[in-house]
Each structure stands twice: as structure tokens, then as C-alpha cells.
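Here's the structure we're looking at; comments come further down.
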Number of protein chains: 2
Amino acid sequence: MELDIRKKKILQAIIKNYLETGEPVGSRTISKYTDLELSAATIRNEMADLEEMGYIFQPHTSAGRIPTDAGYRLYVDDMLESRTEELQKESERLHARSEELERREEELLSSEGSIDDRVGHIESVLKDVVKMLAANTNYTSVVSMPQTGRNRLKFVQLTKIDEDKLLCTVVLEGNIVKNEMIRIKEEIDQQMLLRLNLLLNSTLNGLTLQEINFDMAARTAEQAEQYGSLVSEIINHIAATIGSADGIEIFTSGARNIFRYPELSDSMRAGELISTLEEKELLTELMSDEETEDGNRSTGIQVYIGQETSLSSMKDCSMITATYEFEKGVYGKIGIIGPKRMDYEKVVDALNNVTDSLDRKFGKGKK
Amino acid sequence: MELDIRKKKILQAIIKNYLETGEPVGSRTISKYTDLELSAATIRNEMADLEEMGYIFQPHTSAGRIPTDAGYRLYVDDMLESRTEELQKESERLHARSEELERREEELLSSEGSIDDRVGHIESVLKDVVKMLAANTNYTSVVSMPQTGRNRLKFVQLTKIDEDKLLCTVVLEGNIVKNEMIRIKEEIDQQMLLRLNLLLNSTLNGLTLQEINFDMAARTAEQAEQYGSLVSEIINHIAATIGSADGIEIFTSGARNIFRYPELSDSMRAGELISTLEEKELLTELMSDEETEDGNRSTGIQVYIGQETSLSSMKDCSMITATYEFEKGVYGKIGIIGPKRMDYEKVVDALNNVTDSLDRKFGKGKK
DNA sequence: TGTTAGCACTCTGTTAACATGAGTGCTAAC
DNA sequence: GTTAGCACTCATGTTAACAGAGTGCTAACA
């Protein structure tokens, strides 16, 4: 069987209607809803075909039709295609369309000082953005802090805080900073500290977690004379620190929006969803900046429908993510989680706007 | 009317029964449940009295009775009293009783190195603890990072990271560390950086946020000669950093446990609760380490029943918090949120155990 | 005077029967 | 290929009946 234009139009009409109402949609509705001027009976025949092709299904005999994941997929792909075309042709119009949204974002993001304060405040900026996004879309939204690709060490520094405490500051490429307080057994003098700092920096600079191994820790420790054991422990700590930076930090907002959608809000489903949002580890996979080279990568928009996320807790959800650039080569992701019948179009627009703003604010230099 | 022993026993029986079943409890049940050997009719009379006194109420005519907040209060206060007595008399038994619980905690908390790694890992330790607590109690649990009382500045350090970036590391009393990346307009040499560090430390050391005002920023800036404007901006950043440290960091776990309790799990209520758990700001008040000097302060256990939290989202919940000591004088709180009919006794025990473990691990030196 | 048995009354939750309405598939006619 | 008509199915909502649990009250009892 072939998916001709008419079938596609009907499918689109079904989906659009279902997105709006959330109710199974019947042939009569479509007959009136579209400009196809077809009777309900005809539509019924076409719908039977569409069902056979796997794009729609009936929740029970004698109910209207609901899109399947495949149906959504088709719809979304079409939408994304026309969206990117549109984007290329007249990106301004896109902005104008959600003008109000953007105005609010601008307001939120613009607050300049004579020092560029962008780096220190990412966390709060992202929290604000994710909050606003959730409030504007009525879906749950999620953002990940920028992730350094390989987490190369850029700079280490030990500082004496108390007689028995050293502060170990680790800066990774992409200017991710981590601290660790280390308690030491015997006091250490400033002179020695300076030497240790030099030693650590010269040895560890530019290395990734994988490259800091037992062997080199031992060799470095040797050079530190009587502080050998201390140094090797410090290196362990540094490795652990880098490792912990590998865990992506994620913020969520608008979890309660789940309850707006009956298909997600029964105890079981909602509980599972809330869990994954709270524990965040499970979201890591979805929010990590993996390198896929499919067509949509250009706009950075990625759509996961139902099972496509491979998280069982999200089998009734869709998720849309977009990538923003923090520093050159350092990306983070921002996403929206909603019911499968979410307003994909609106969400894609909203995410595009947000990432534009973030890119302007952070990455690609302000306009 | 007087609350004699018999009435108290009946009230206790009602509450105990309600905690177990979650159903309104009737006179017949009590007549059998207690060792008072009274007929249902008698109990009914007493219950009418208890209702008049405001300790119990009927959800509707011809239903059993449910405790009011006042009823719970009475019950909890009695329980806490006997608990602390018991604690003083034979604290070992208490430990033995929840032996299994404690074993798990110990396992979780004990992992020693030759460097004392306690400081760097609080965050992960607390996350583990809160997770375990939620899993063991089947309630939602919450923990706050240690809060420095007044957030005095202990140490500042500027470090050059790139030509145009300084890393500003701020250490507050209680060894809370904060970083901020500052982008500067013109490069600065090491010599000058050293001087700025000295200047900043000598000026700001020991100050709280309140004490860092515009006036002194100006005076300090003067001393920095051509870097005056830079210094005053840096001071602003430092102030902001301290300010942000005032915001308590809170982790939650087991939010989904809300759905175990029907009285919390309808969309409205659950949504509101999830929101306050997600946004955390609202919890700040409850989790901040204010100095009350009521009796229960000794054990650090605090119980909020229903409206007592003053959060409307938690009007159907109870919350129990306990205080743990991180460093001398630096406390954090750990708490449990559940339905009003939660198992107060079990939760108090669990919290006592957890804070004991944390104190042993962090504060009062390992045993 | 405190306690108890008995009884009428109230409210909830469940079940069954029934009507309604939306939607389908199929057939026959256009 | 399209449409009108019709019988059939299924979910939903309403109503009535009924059992069960619990109360308050009264009268009897120790």
C-alpha cells in the first residue's frame, strides 16, 4: 500500500486534532476538519488503511484513532523538514512569531557588567532559563551544564587553608572548576607547597582521566621525595574529581506539569517519571552530547518519541532536546519532556529561541 | 473536661490504629484493640469527648474517627518524651533495635583512606544517605548541605587561568568553597596578582556579607591604584558569591514515595508537593538551622505536623528533621517528609541513627 | 454514677441494569 | 472511487438497590 498525499493529509489532520484534544479522533471529525471535502465513510476507508500501515490505532473497537509512535515520527519529521526550510528562508519571521517569548528571554539574559560575568553565573542563568521554559510551554524542562568533551586538566592548585587542610582546586578545559578539601596528617610549608604545585601542573597538565594511571602517579610521587605518599594520594583525588566532573549536572523544572496530562499522571507512571527526574542519572544518557551525524544535527534539535528514549519510565513521553554552545567546543543540552501528544511545533520553536539566546549570550560572542 | 488516663489511652489507640490502616477507626475496633476491656458503647462516649476536645474528628457523620493535628501533636510529644528517656537510659538498645538499618549505614559511610577524605565528599555522602533513608522509610527525604552560621570570609584567592580570565576562589568559615570565573579586559601580571591577593585578603578576611559594603569597597579600590575599578568589581563578585552561599543547598530523594499514600497522591496535592521538592527554595526555611531553644532541641529532632510547616503544599504532610554536625559549629539538617499518618516512631529512630552516623563520620571525631 | 445492650439512622462503596452516544465495518447504491 | 444507510460494539454516565460500618441516643443494669 502506498502513502499517497491524501492519506498523509488525513494522518496529519488526525494527529493535529489529537494533539489539541487528547481524545481519539473519529472519521466524522476529520471529514469536517479538513478541506478535503470527503465524507466520513471515505475517511473511514482511508483510516483503515492507515491503521494497517501502522500509523494509527484504535484504543478499543468503536473508538476513534490515535497516532502510533510511527505516526508521530512521520509527522515530526515532516514538521522538522519544513521548519528548517523556513528557518533558512526567513529566520526573522520565526523570531517575530514567538516575539513575546523572546522578549522575556532577553530580559532574563541581559544584564551586563564591565566585567564579563558570564562564566560564573551559568548555573543560575540555566536555572532561570529552564524555569522559564517550563512555565512557557507547560511541559517539564531539563538542562545540562556544559560538558567538556574529554575533560582535559588545565590547571591544578593546592592552597593551604588551615594547618591540616589543603584546598585542591582543579580547572578542566572549558573552564569547569572543581574543589576538594584535603586533610593532611603533617603540616606542609609554603615552599614545599609551591614545589608540589609546580610538580603537579607540569605532570598532569593536559591529561584526561584515562591518562592519569597508577604508573604515572607512582613516578610523580617519586619526585616528591618525602611527600611521595601525599602526592600519590592527591593525584588519586584529582582523578576522582575529574571523574566526578564526568557526571553531567542536570537541572529540571516544571515537574508538576506532568499532572496536566492525564496519560502521564496516574500514580504509577507519574511516580516513575518523577523518579527519573529526581535521580537525573538516567537522564544523563539523553542529555549527553553524543556525536550523531544525522540531518537534524544542523539545528541541534533532536526528537525522541515514546520508546525511542529507551527509558521505560518515559515510554509514554516524548522528549525534544537542543544543543547550546557554552565555549568553543563545549556544549550543553536543554530539553523538554512532555506527553507524546505535545505541541512539537511550539516546543521546537521555543527551544530554538532559547538556544539562540544562550549561544548569543555565551558562545558565539554577543551579536 | 479533663484528659484523664483512659481518654489518653483511647486516643493513643485510635492514632496507632490509624497510622497502620489509614482508615477512620471506629469504636468497635478500639474496644477490641486495647486492653481496657471496655464496650464499644463506652468507647463511643469517650470518643465524643475527645472530639469535643479537638483531638479527633469524623470525616463525615457515621464514619470512624481520625486524629486532628492537635491529636497528632499530643501523640508525638508523648512519644518524643518517652524516646529521649529511653535514649538516656539505654541508648544501646535503641541501636540494636534498628540494627539492620545501621549496618547498612556503616557500610555506606565507612571507607577510610590515609588522607581524611571527609570534606570533599560530603555532597556524595549526603546524597547516598538521603537516598538510603528514603528507601528504608518509604517516605521522601531531604538533606541540606552544612550551613555556615554567618558565612565569614576566611580566604580569597585570584588565580590567572587564561590571559583574560581570573579564577576567584572564596573560602568561607566552615570550609565552604565557592569559585567564580572572572573575565578581565586587560591582562594582569603575576606580580600585581600577588599584591591584589594580599590586599583582598587583608581587607576582607573575617567579614560577613553584611560587613562588605560600598564604602569599604571604595576604600580598598583606592589602594589598588590603576586596578581600582577591577578590584571594586571583584569585591562585588565576592559579595555575590557569599550571598549565593547563603542559599542552602538541598538534596531530595524518594519523591515518588508520595504516591504510596493516597491522601497525598491526587494530582493537585502531589503536583504542589513535587514543586516544592523540585524548587527547594521553599524548603529552605524548614531546613535552615535556626536556633530554637525548646526541649527537643537536645536531640535535634523537630517535628512539624500539617499546618505547622506554614507551607500550603505541605498542609497534609508531616515533616521530621534532625540536625547533624559537620564541623564544630557548622550544622546541616536531614529530614523526612511523609503523610501526617507517618510512622513517627520509626522515622525518629531512623533519623537519630543517621545523625549519629554522620556526627561520628564528620563532626565529633570518629569514635 | 458509670457501663452496656439495643436500635434507628446516616453515609459509603459496590453492583447491576439501563440509556446514551460516539464510532466503526460492511453493504449496496450512485 | 465515493457515499449513504444500517447494524453492531464499546465506553460512559445515571439510577436504584443493598450491604456494611459506624454513630448517637435511650433505656436498662450494676
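What you see is a predicted model, and the numbers here were worked out from it, not measured in a lab. Within every chain, numbering begins at 1; the chains are lettered A, B, ... in the order of the sequence lines, protein sequences first and strands thereafter. Hydrogens, waters and symmetry mates are skipped; everything else that's a heavy atom, side chains included, is used.
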Check: When all nucleic acid strands are considered with a 4.0 Å heavy-atom cut-off, which category describes Ala63(A): base, sugar-phosphate, or nothing?
Finding: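 Sugar-phosphate, backbone atoms only, no base.
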Take atom [atom1] of [X] and atom [atom2] of [N], then tell me their distance rounded to the nearest Å.
X        : N       : atom1 : atom2 : result
Glu23(A) : dG23(C) : CD    : P     : 9 Å
Ile43(B) : dC25(D) : CD1   : C1'   : 18 Å
Arg44(B) : dC25(D) : CZ    : P     : 11 Å
Ile66(A) : dA11(D) : CD1   : C1'   : 13 Å
Asp4(A)  : dT2(D)  : CG    : P     : 10 Å
Asp49(A) : dT2(D)  : CG    : P     : 11 Å
Met47(A) : dT24(C) : CE    : C1'   : 10 Å
Glu46(A) : dG1(D)  : CD    : P     : 10 Å

Does [N] have OP1 or OP2 under 4.0 Å away from a side-chain N or O of [X]?
X        : N       : answer
Thr42(B) : dG2(C)  : no
Thr61(A) : dC10(D) : yes
Arg6(A)  : dT2(D)  : yes
Ser62(A) : dT24(C) : no

Notebook entry, point to check: Between dT3(D), dC26(C), dG24(D), which one does the side chain of Gln58(B) approach most closely?
Noted result: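 It is dG24(D).
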Next item on the list: Counting heavy atoms from C-beta on, name the nucleotide in dG25(C), dT23(D), dT4(C) closest to the side chain of Arg65(A).
Entry: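 Side chain of Arg65(A) sits closest to dG25(C).
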Next item on the list: Once you apply the 3.5 Å cut-off to both distances, tell me the Watson-Crick or G-U wobble partner of dA29(C), or none.
Entry: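 Pairing partner, where one exists within any strand: dT2(D).
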Item checked: Watson-Crick/G-U partner (both atom distances under 3.5 Å) of dC18(C) ->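 dC18(C) is paired, partner dG13(D).
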Checklist line | Ion pair Arg73(B)/Asp77(B), N-O distance below 4.0 Å | finding: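 Asp77(B) and Arg73(B): salt-bridged.
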Note to self: I'd like to know if Arg65(A) pairs up with Glu51(A) as an ion pair, taking the criterion as any Lys NZ or Arg NE/NH1/NH2 lying under 4.0 Å from an Asp or Glu carboxylate oxygen.
What the structure shows: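 Yes, charged N to carboxylate O under 4.0 Å.
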Margin query: Counting only heavy atoms from other residues, nucleotides and ligands, does the tally under 6.0 Å from NZ of Lys280(B) exceed 12?
Written below: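 Enclosed.
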Next item on the list: Answer yes or no: are there more than 12 heavy-atom neighbours, outside Lys8(A) itself, under 6.0 Å from its atom NZ?
Entry: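 No, not enclosed.
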Margin query: Ile10(A) and side chain to side chain contact (heavy atoms under 4.5 Å, CB included): which single residue from Thr34(A), Ile43(A), Ile15(A) fits?
Written below: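 Single side chain to side chain contact (heavy atoms under 4.5 Å, CB included) partner of Ile10(A) among Thr34(A), Ile43(A), Ile15(A): Ile43(A).
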Notebook entry, point to check: How do His60(B) and Ser39(B) order along DNA chain C: which one's closest nucleotide is nearer the 5' end?
Noted result: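 On the 5' side of the pair lies Ser39(B).
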